[in-house]
Amino acid sequence: MEDIEDVLGPAGFSDGGAPPGLRLPLSTVAVKPKRRSSRLAQTQPQPDARIPGTQTIYVKTFGCSHNQSDSEYMSGQLSAFGYAITEEPEGADLWLINTCTVKNPSQSAMTTLISKCKSANKPLVVAGCVPQGSRDLKELEGISIIGVQQIDRVVEVVEETLKGHEVRLLSRKTLPSLDLPKVRKNKFIEILPINVGCLGACTYCKTKHARGHLGSYTIDSLVDRVKIVVSEGVREIWLSSEDTGAYGRDIGTNLPNLLNAIVAELPVDRSTMLRIGMTNPPFILEHLNEIASVLRHPCVYTFLHVPVQSGSDAVLKAMNREYTVSEFRMVVDTLCELVPGMQIATDIICGFPGETDEDFAQTVSLVKEYQLPQVHISQFYPRPGTPAARMKKVPSIEVKKRSRELTSVFEAFSPYEGLKGKVEKIWITEIATDGVHLVGHTKGYIQVLVIAPDSMLGTSADAKITSVGRWSVFGEVIEGSVAVKEAAPKQNCAEVQEENRQNHVEEVTCSTNTCDSCACSGAESAAQQCSQQCKDPSDAPTDCADDTRPEAPQSTLVRRNVEGTVETNEIGAATPIAKGQQANVVTRRALNVDRILWGGLAVSFATTAAVLVLLTYKISNTSSY
């Protein structure tokens with residue numbers, strides 16, 4: 001079924017008109033009533049379509065952070081209209097699946113979920129890159145679908161689907177507004193899409209079919225969004241894009257201009273940090289010095305994801321990646337030289353069509369040389385409709401063998417050994433998947449797991465690294481180091497950087513053997529991290545302020561002392577402590593609580609001793625009779 005964008009009058013709807021109170025114009029949506037069997041109509045309870053906004057919607061997201069941002073915008077609009085958003089599919093009245101088309105496994109997961117939804121007789125809407133890039137997919141027949149640039153019309157699609165209609169909105173238009181209602185999966189993290197699409201034409205990429213050509217948001221609109229989210233208590237801003245480095249080339253600007261404009265709006269107390277998204281080598285080569293300058297800013301994580309995909313120029317040419325291995329080296333070497341503590345992550349595809357043993361050996365050599373602790377290793381998956389899908393494939397047995405070999409090389413590194421015993425400033429924004437630790441990140445975005453109260457979410461503190469493993473770094477929050485947000489005079493970027501340079505004592509520098517990078521949020525297994533060390537957004541904790549986590553087997557005294565140093569308001573923002581109190585508040589409270597505890601123990605011991613003496617006396621008197 002093709003898109004139908006004809007304007008329908010009120011008589012075009014089965015109920016004689018649009019539901020009252022609908023914010024978005026239903027008159028522009030064409031619907032195709034689904035045929036339902038009489039038996040199914042009798043047995044399946046239907047939501048009351050006469051009362052829009054009273055149903056519960058299950059939202060499931062696959063794929064990248066851009067997809068996660070789209071889901072948050074769709075959830076925000078549905079929630080604003082009255083719908084309840086849930087993560088429990090069984091009790092939902094409709095399922096909304098936001099899909100990813102990068103690899104076969106993610107699309108297979110979508111197919112499985114669609115089958116479950118049909119089996120449960122639930123109304124279904126499929127969004128994201130799969131329907132946008134493969135609208136005629138058999139699995140999508142008879143299902144309402146919504147394209148990546150139509151997310152601002154999700155309320156319309158859901159309403160009509162709940163009535164039993166099939167709706168398809170896939171035509172491209174202007175970019176969705178950044179000011180739409182939004183429900184963040186993590187209230188401390190704002191995922192900010194700066195552009196859609198890209199300028200590349202990689203032979204293996206299916207995402208280009210969905211996201212299309214480059215389309216950038218204006219600097220003014222992005223800066224305005226940053227101001228809003230900072231005022232809402234957001235502590236991390238992730239710039240998201242299919243290629244961050246290509247930003248602005250379609251509207252006469254560039255990435256450094258955007259970054260400098262955003263950084264100028266970040267609080268000088270470093271309460272909100274900026275993380276720059278994935279960028280391909282070609283589009284930052286001409287801006288390396290400017291990018292390095294931004295990465296050195298105190299409010300910007302010194303972390304960058306730069307995919308190399310292969311260590312062979314011949315393979316890169318077949319991929320149409322538009323750069324060479326030497327240019328990738330230039331990016332990494334320059335950033336590591338100019339930015340103290342710089343952390344680089346990269347991607348590798350094993351078994352691309354035409355990859356020889358020599359090509360693969362060059363990739364292994366590159367990985368061994370740089371020893372980057374975050375390398376996303378994946379096997380080649382031919383995606384339908386791409387040029388690579390028509391190329392002669394490497395035997396699957398060989399592809400798996402190469403993937404295992406490169407994974408073994410990668411697992412042999414010990415990237416975090418040099419951190420043990422060091423003190424690092426961390427920004428705490430998540431609860432780990434073990435439900436016990438909180439997740440903080442260093443300036444280089446290295447994950448540090450700490451045991452601390454949930455009240456520390458959305459704050460920063462100094463942490464001493466106590467132990468390191470292959471996949472995780474553990475630390476202890478230093479008492480008295482919890483940062484609170486205090487009023488400070490406005491400083492410009494140059495003043496802040498100069499102040500930071502003067503106060504800088506020691507940072508881990510990045511060389512070809514010591515480029516540390518972020519580990520995954522949560523305690524994940526080594527097997528999971530071999531293929532994807534950074535956790536998918538869809539697996540992120542849902543509520544970082546949840547206090548239902550099991551208590552960790554560590555002194556509650558320490559936890560309560562830390563908790564006493566910070567108060568948070570309803571949005572999680574830290575409230576100021578009077579000047580001069582911060583340095584001593586934890587110590588004073590620790591001493592007071594310690595005295596109380598020791599006093600209580602002494603009284604308990606004395607009472608127990610007295611009872612034992614009394615019992616002994618009575619027993620001896622009874623025996624004498």
Side-chain angles (χ1 to χ4, degrees), residues 59-79 85 87 96 98-100 102 127-129 148-149 151-152 154 175-198 207 210-211 215-217 221-244 247 255 258-259 262-263 265-266 272-279 299-301 303-305 345 427 429-430 439 441 445 447 457-458 518 520-522 532 534-544 571-572:
V59 180
K60 175 64 177 177
T61 307
F62 295 98
C64 65
S65 60
H66 198 161
N67 260 23
Q68 179 61 41
S69 177
D70 287 351
S71 288
E72 291 176 357
Y73 274 124
M74 289 190 287
S75 296
Q77 293 170 83
L78 291 167
S79 180
I85 307 301
E87 292 194 340
L96 172 60
N98 195 3
T99 60
C100 172
V102 172
C129 292
V148 294
Q149 291 188 21
I151 61 172
D152 55 350
V154 65
L175 298 176
S177 171
L178 295 173
D179 295 327
L180 294 170
K182 193 171 189 179
V183 176
R184 299 185 189 94
K185 200 170 183 69
N186 183 329
K187 69 178 182 179
F188 296 112
I189 297 176
E190 166 73 7
I191 304 172
L192 180 59
I194 63 174
N195 58 265
V196 300
C198 67
T207 305
R211 295 287 182 177
S216 302
Y217 287 94
S221 65
L222 292 165
V223 169
D224 288 344
R225 181 64 184 171
V226 168
K227 292 178 182 178
I228 291 172
V229 302
V230 169
S231 69
E232 292 173 347
V234 162
R235 296 297 179 241
E236 281 187 7
I237 299 173
W238 297 358
L239 300 187
S240 178
S241 165
E242 280 66 59
D243 187 355
T244 302
Y247 170 81
L255 181 62
L258 172 64
L259 295 178
I262 290 177
V263 164
E265 301 301 328
L266 298 179
T272 301
M273 296 291 289
L274 178 70
R275 193 186 82 173
I276 303 174
M278 184 274 291
T279 178
C299 296
V300 181
Y301 286 119
F303 167 79
L304 199 61
H305 180 191
W427 286 262
T429 56
E430 297 179 77
V439 179
H441 290 95
Y445 212 70
Q447 176 193 273
L457 287 164
C518 71
C520 293
S521 296
Q532 186 180 6
C534 276
K535 185 180 60 178
D536 286 340
S538 60
D539 296 329
T542 57
D543 186 3
C544 286
I571 63 172

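No experiment lies behind these values; they were computed from the predicted model shown.
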Partner residues of [X] under the side-chain hydrogen bond (donor to acceptor under 3.5 Å, both in side chains) criterion, sequence neighbours left out:
X	answer
Ser177	none
Thr207	none
Tyr247	none

Query - Pair Ser65, Ser240: side-chain N/O donor-acceptor within cut-off below 3.5 Å - result: yes

Query raised in the report: Counting N and O atoms only, with roles assigned by atom type, does the side chain of Ser69 sit under 3.5 Å from a partner on the main chain of Ile191, one being a donor and the other an acceptor?
Result: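 Such a contact is found between Ser69 side chain and Ile191 backbone.
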
Query - Flag, side chain of Glu242 to backbone of Gly197, donor-acceptor distance under 3.5 Å - result: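 Checking the backbone N and O of Gly197 against the side chain of Glu242, a donor-acceptor pair under 3.5 Å is found.
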
[Y] side chain reached by [X] side chain, heavy atoms, under 4.5 Å:
X	Y	result
Phe303	Arg275	yes
Val183	Glu72	no
Leu239	Ile262	yes
Asn98	Ile151	no
Tyr445	Glu236	yes
Leu78	Leu96	yes

Query raised in the report: Sequence neighbours excluded, which residues qualify as side-chain contact (heavy atoms from CB on, under 4.5 Å) partners of Val148?
Result: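 Cys129, Gln132, Arg211.
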
Report task. Name all residues meeting the side-chain contact (heavy atoms from CB on, under 4.5 Å) criterion together with Thr244; count only those two or more places apart in sequence or in a different chain, and write none if there are none. Result ->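 Testing Thr244 for side-chain contact (heavy atoms from CB on, under 4.5 Å), a comparison that skips the adjacent residues, returns Ile194, Ser241, Leu255, Ile276, Thr279.
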
To the closest 0.5 Å, what do you measure between [atom1] ([X]) and [atom2] ([Y])?
X	Y	atom1	atom2	answer
Asn195	Tyr217	CG	OH	9.5 Å
Met273	Ile189	CE	CD1	12.5 Å
Glu265	Cys299	CD	SG	11.5 Å
Asn67	Thr61	CG	OG1	7.0 Å

Query raised in the report: Of the non-hydrogen atoms in Pro193 and Leu222, which two are nearest, and what is the gap between them?
Result: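 Pro193 and Leu222 have their closest heavy atoms at O-CD2, 3.6 Å.
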
Query raised in the report: Of the non-hydrogen atoms in Gln77 and Asp152, which two are nearest, and what is the gap between them?
Result: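 Scanning both residues, the minimum pair turns out to be OE1-O, 3.0 Å.
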
Report task. Just jot down the salt bridge (Lys or Arg N to Asp or Glu O under 4.0 Å) partners of Glu190, sequence neighbours excluded, or say none. Result ->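 With sequence neighbours excluded, Glu190 shows a salt bridge (Lys or Arg N to Asp or Glu O under 4.0 Å) to Lys182, Arg184, Arg225, given in chain and number order.
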
Report task. Kindly indicate, with the supporting measurements, whether the criterion side-chain contact (heavy atoms from CB on, under 4.5 Å) is fulfilled by His66 and Met278. Result -> CA-CA 11 Å; His66 198 161; Met278 184 274 291; over 6 Å; no

Report summary line: When Asp179, Val226, Leu175, Leu178 are each screened for side-chain contact (heavy atoms from CB on, under 4.5 Å) with Ser221, the one that passes is Leu178

Query raised in the report: Step by step, would you call Met74 with Val59 a side-chain contact (heavy atoms from CB on, under 4.5 Å)?
Result: CA-CA 9 Å; Met74 289 190 287; Val59 180; over 6 Å; no

